[in-house]
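Worksheet: one structure, shown below.
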Amino acid sequence: ACSAFSQKSCEECLKNVSCLWCYTNNTCIDYPVRSILPPSSLCSLSNAQWGVCWINFEALIIAIAVVAGLILVSITVCCCYCCYCRRRSRSRLDEEEEQLARKREERRLQSLQRKHERKLKHDEIRKKYGLLQDSDNPYSRFENE
């Protein structure tokens with residue numbers, strides 16, 4: 001039992017994790033497991049030690065709360081930042097994809113235009129040398145000289 005360590009030292013009392021050391025009357029008492037925090041009638045939080053002797057229970061609770069708060073805030077900030085970056089990168093990717101599709105279409109149209117211009121130029125050359133067949137009569141007799 002924890003009461004056996006009363007009037008001894010805090011270190012000896014807190015070797016057992018179910019014990020609570022109270023500095024007001026130097027007693028070692030069983031930690032009240034039914035309540036989360038020990039009631040002030042048992043021992044005030046600023047004078048109670050649990051787990052370690054170098055920090056009182058009140059400071060321990062505040063330190064744990066601050067650390068937990070920092071962890072929660074950092075997780076929230078990370079999640080918000082990741083969601084924002086993901087949304088931003090998606091919109092940026094969509095814009096790039098749309099721009100690439102526009103450029104691809106422009107290149108295709110330029111290619112068709114150049115192909116049409118080449119065909120016209122070749123037809124002019126064929127016409128000049130008499131190699132252009134009539135479109136009305138594509139099947140003409142081949143004459144051998």
Cys22 and Cys28: sulfurs closer than 2.5 Å?
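With an SG-SG separation of 2.5 Å or more, Cys22 and Cys28 do not form a disulfide.
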Cys pair Cys19/Cys13: SG distance under 2.5 Å?
no
Are [X] and [Y] connected in the hydrophobic side-chain network, where two residues link if heavy atoms are under 4.5 Å apart?
X	Y	value
Ile62	Leu70	yes
Leu120	Leu131	no
Trp21	Tyr31	no
Tyr23	Leu42	no
Val52	Trp50	yes

Quick one: pull up [atom1] in [X] and [atom2] in [Y] and give me the separation to the nearest 0.5 Å.
X	Y	atom1	atom2	value
Cys43	Gln49	SG	CD	8.5 Å
Gln99	Arg102	CD	CZ	6.0 Å
Arg107	Lys103	CZ	NZ	7.0 Å
Asp30	Ser3	CG	OG	7.0 Å
Leu109	Gln113	CG	CD	8.5 Å
Glu117	Arg114	CD	CZ	8.5 Å

Closest non-hydrogen atom pair between [X] and [Y], with its separation:
X	Y	answer
Ala48	Leu20	CB-CD1, 4.0 Å
Asn16	Cys2	ND2-SG, 4.2 Å
Glu58	Ser46	OE1-CB, 3.4 Å
Cys53	Glu11	SG-N, 3.4 Å
Phe57	Pro38	CE2-CD, 3.6 Å

Are the side chains of Glu95 and Glu98 in touch, meaning some heavy atoms are under 4.5 Å apart?
no
Is any NZ, NE, NH1 or NH2 atom of the basic residue among Lys127 and Asp123 found under 4.0 Å from an Asp or Glu carboxylate oxygen of the other?
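Salt bridge between Lys127 and Asp123, a charged N being under 4.0 Å from a carboxylate O: no.
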Above 12 or not: heavy atoms from other molecules or residues under 6.0 Å from CD of Glu97?
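No, because the 6.0 Å sphere around CD of Glu97 holds 12 heavy atoms or fewer from other groups.
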